[in-house]
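Structure first, commentary second.
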Amino acid sequence: MSLPAVTRFAPSPTGSLHLGNARTAFFSYLWARKSGGRFILRIEDTDVERSERRFLDALMQDLRWLGLDWDEGPEVGGPSAPYAQSERGEWYAGLFRRLESAGLAYPCFCTPEELELSRKLQRIAGKPPRYAGTCRNLTADERSARIASGTRPTLRFAVPKDELIEFADLVHGAQKFASNDIGDFIIRREDGTSAFFFCNAVDDSVMGVTHVLRGDDHLTNTPRQLMLLDALGMRRPGYGHVGLLVGADGAPLSKRHGSTSVQDFRDRGFVPDALLNHLFHLGHTADVEGWLAPRDMPAHFRPEHLGRASARFEETQLVHWQKEALQRMSTADIGAWLGPHHATDSDAAGFAELVRHNVVLPADAAPWLAVLRGELPPLGAEERRIVSAAGPEFFAAAARALDETRADFAALAKSLRERTGRKGAELYMPLRVALTGRTHGPELAPLLRMMPMETARRRLETHARHP
RNA sequence: GCUCCCUUCGUCUAGAGGCCUAGGACACGGCCCUCUCAAGGCUGUAACACCGGUUCGAAUCCGGUAGGGAGCGCCA
């Protein structure tokens, strides 16, 4: 086993936790647990406009629902508190001062409009839309003059020239970037808050994070953060960039792919263990195949088998793990999981057992509840064929047998078999269709046991009268 | 436009020069079991993006092409 890994998940509370983020959080969690390290939750809420308390609460709820408990972070504390970046402003300010006085960062007075125009012009000229460096060489007098005029500057990092930034990506291997391809970027906004590149990098470093796992989209951001850390003389964490989770169309998973937030899956009735098993196999190959209880996952997690290519999310695969999860749940848990979809006024446990192999989501139980006490939908072509092949005498006999055996299905079937000479599918299918309106479904014996006798008799007699 | 990343069955992947007539899982089809569905067993269809090169030998190494993606934001 490797040295204890300190990993983190650093979401911004600006929306709901979607599957892609949940996956990187999960991998980070697994890495920490596998190595006996620590998993940190840090909240990147420097964008005060978009950050909302309700998103933070939902985020933590989703994480806990999945079973991803953090060792340091909001509500649990830790040696690096506070864990919300909105509360770390003073510390960032000190670092800004250090960079600025060392000449490694400078105030920029360009307006967003000017910057936008500049980028546009560069694009037209076929050049990379980078910051032109307008404010980099302002004299001290020019700077104080602009400040005096009331302009509030941003702070830009002065990217060193002609440097090669190298690092070993945890999943992609050796990486090389030229500093000349990178324009001076903003590390402090006009309002004084830290921009992502800055607070994200320095927090990871100072919090002792050893393995930063994040989406591929951050790969080309990494050299910026490395330069920053180097300039401050701070420790570089290891960075690993995993392939993004994409939808059926190959585009990164987003709202337009439908339900992609953890909350959506929970609301539909997917269970956390199913989600976890699916995520465990998406862009990752474990050293064993098949279902794993979440507590066994860290031992089978293989960071070196994290995927570089993007992984496509397909619900059919999730459904498979959901079925696996359902098979392992207790009757009581199935009952609770079914919620309002289970028979509350009768044998709840019996109903849970009855339908557990015929449902994927709680809503799938509704038709079976209707079979027990509601109206049956009109028969389809196949169903009508089976009913007419059996004939009215068969159902008349079945109705009589129902009364004689008092709805004991085994006895009823035996009696019918002796009386009609039918057996196998010829015997059971007409009964199934008459009783449930369908050619498939739960076992007939418990189904009949749970069905009001009157309902069963009425359904059988219907076909005895109308051939 | 520039920089970077990615590319094996429909999907998730194994594969780090000969063990590959490319393996597994999910999905799909067939058979068995069975009243049906599910579960289980057996089985089938199905992939190395393309073109060159290196080599006795390439899915694996090198170069190029194509396609997809990301970054170049006072968003993270």
Side-chain angles (χ1 to χ4, degrees), chain A residues 10-12 14-15 21 44-47 49-51 108 110-112 115-116 119 122-131 152-156 169 171-172 175-178 180-183 185-197 199-200 214-224 241 243-244 246 248-252 278 280-286 289-290 305 307-321 323 326-327 355-360 386 409 413 422-433 436 438-445:
Chain A
S12 62
T14 54
N21 289 134
E44 311 228 324
D45 54 354
T46 54
D47 184 345
E49 291 292 307
R50 302 199 302 147
S51 296
C108 172
C110 300
T111 66
L115 295 170
E116 180 58 35
R119 274 194 293 270
Q122 290 184 77
R123 254 183 242 277
I124 290 167
K127 288 193 288 193
R130 289 199 285 264
Y131 180 60
R152 295 178 68 194
T154 59
L155 190 66
R156 277 184 194 273
D169 188 275
V171 345
H172 288 272
Q175 302 292 315
K176 270 203 294 258
F177 292 89
N180 290 353
D181 288 331
I182 300 168
F185 53 94
I186 290 176
I187 56 178
R188 188 187 65 206
R189 303 189 185 98
E190 187 183 326
D191 66 5
T193 60
S194 167
F196 165 79
F197 287 130
C199 50
N200 178 267
R214 39 155 53 161
D216 240 349
D217 49 341
H218 286 295
L219 185 57
T220 52
N221 289 158
T222 309
R224 283 164 234 273
H241 295 88
L244 256 25
V246 299
D249 56 358
H278 186 222
F280 197 62
H281 296 274
L282 253 186
H284 168 250
T285 311
E289 232 160 40
H305 277 258
R308 289 158 296 286
S310 53
R312 194 167 298 222
F313 170 75
E314 238 185 35
E315 194 160 297
T316 51
Q317 310 243 359
L318 208 209
V319 165
H320 167 255
W321 295 113
K323 287 177 179 168
L326 258 28
Q327 270 185 54
V355 303
R356 65 179 301 162
H357 298 301
N358 289 275
V359 299
V360 169
I386 290 167
F409 187 76
R422 289 165 180 273
K423 58 183 170 134
E426 288 233 299
L427 173 70
Y428 293 97
M429 279 310 278
L431 288 175
R432 171 174 293 283
V433 170
T436 72
R438 281 157 245 257
T439 55
H440 65 89
E443 280 186 64
L444 282 173

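Within every chain, numbering begins at 1; the chains are lettered A, B, ... in the order of the sequence lines, protein sequences first and strands thereafter. Keep in mind that this is a model prediction, so the values were computed, not measured.
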Apply side chain to side chain donor-acceptor pair (under 3.5 Å) to A:R123 and list each qualifying residue two or more places apart in sequence or on a separate chain.
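Here no residue qualifies.
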Heavy atoms from C-beta onward define the side chain here; which of [options] lies closest to that of [X]?
| X | options | value |
| --- | --- | --- |
| A:R308 | B:C6, B:C2, B:C35 | B:C6 |
| A:N221 | B:G71, B:G1, B:U11 | B:G71 |
| A:A425 | B:A76, B:C35, B:G1 | B:C35 |
| A:L444 | B:C75, B:C35, B:A27 | B:C35 |
| A:P252 | B:G1, B:C12, B:A70 | B:A70 |

[X] has an atom [atom1]; how far is it from atom [atom2] of [N], in whole Å?
| X | N | atom1 | atom2 | value |
| --- | --- | --- | --- | --- |
| A:R156 | B:C74 | CZ | P | 6 Å |
| A:H218 | B:A70 | NE2 | C1' | 10 Å |
| A:E49 | B:C74 | CD | P | 15 Å |
| A:Q317 | B:G24 | CD | C1' | 13 Å |
| A:D181 | B:A70 | CG | C1' | 15 Å |
| A:E426 | B:U34 | CD | C1' | 16 Å |
| A:L219 | B:A76 | CG | P | 20 Å |
| A:N200 | B:C75 | CG | P | 15 Å |

For A:D47 and A:Q175, take the nucleotide of RNA chain B holding the closest heavy atom to each; which residue's nucleotide lies nearer the 5' end?
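This one resolves to A:Q175.
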Hey, which sits more toward the 5' end of RNA chain B by its nearest nucleotide, A:F409 or A:C110?
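Residue closer to the 5' terminus by nearest nucleotide: A:F409.
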Counting any heavy atom closer than 4.0 Å, what does [X] reach on the DNA or RNA strands: base, sugar-phosphate only, or nothing?
| X | value |
| --- | --- |
| A:R432 | base |
| A:T154 | base |
| A:E190 | base |
| A:R224 | sugar-phosphate |
| A:F177 | sugar-phosphate |
| A:G283 | sugar-phosphate |
| A:T46 | sugar-phosphate |
| A:R119 | sugar-phosphate |

Drop me the distance from A:C108's SG to A:I187's CD1, to the nearest 0.5 angstrom.
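Spacing of SG (A:C108) from CD1 (A:I187) equals 11.5 Å.
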Between the side chains of A:R214 and A:N221, is a donor N or O closer than 3.5 angstrom to an acceptor N or O?
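Side chains of A:R214 and A:N221: no pair found under 3.5 Å.
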Any luck finding a side-chain donor-acceptor pair between A:D216 and A:H172 under 3.5 Å?
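Checked: A:D216/A:H172 side chains pair up, N/O donor to acceptor below 3.5 Å.
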Complementary nucleotide of [N], counting Watson-Crick and G-U pairs under 3.5 Å:
| N | value |
| --- | --- |
| B:U3 | B:A70 |
| B:G63 | B:C51 |
| B:G44 | B:C28 |
| B:A22 | none |
| B:G17 | none |
| B:C35 | none |

Measuring only the [atom1] atom in each nucleotide, how far is [N] from [M]? A whole number of Å is fine.
| N | M | atom1 | result |
| --- | --- | --- | --- |
| B:A49 | B:C9 | C1' | 14 Å |
| B:G71 | B:G52 | P | 36 Å |
| B:U36 | B:G30 | P | 15 Å |
| B:A25 | B:A47 | C1' | 15 Å |

Do any side-chain nitrogens or oxygens of [X] fall under 4.0 Å of OP1 or OP2 in [N]?
| X | N | value |
| --- | --- | --- |
| A:H281 | B:C26 | no |
| A:R189 | B:A76 | yes |
| A:H305 | B:A14 | yes |
| A:T220 | B:A70 | no |

What nitrogen or oxygen pairs link the protein and nucleotides 37-40 of chain B at under 3.5 Å?
residue, atom, partner, partner atom, Å
B:C37, O2, A:N358, OD1, 2.9

Could you tell me how the ring of A:W321 sits relative to the ring of A:H281: parallel (under 30°), tilted (30 to 60°) or perpendicular (over 60°)?
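Ring orientation, 0 to 90° scale: parallel.
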CD of A:Q122: more than 12 outside heavy atoms within 6.0 angstrom?
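Check passes, neighbour count above 12.
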Is the shortest side-chain heavy-atom distance between A:R224 and A:F196 below 4.5 Å?
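Contact flag for A:R224/A:F196 side chains = no.
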Steps toward side chain to side chain donor-acceptor pair (under 3.5 Å) verdict (A:T193, A:R189):
CA-CA 5 Å; A:T193 60; A:R189 303 189 185 98; 2.8 Å; yes
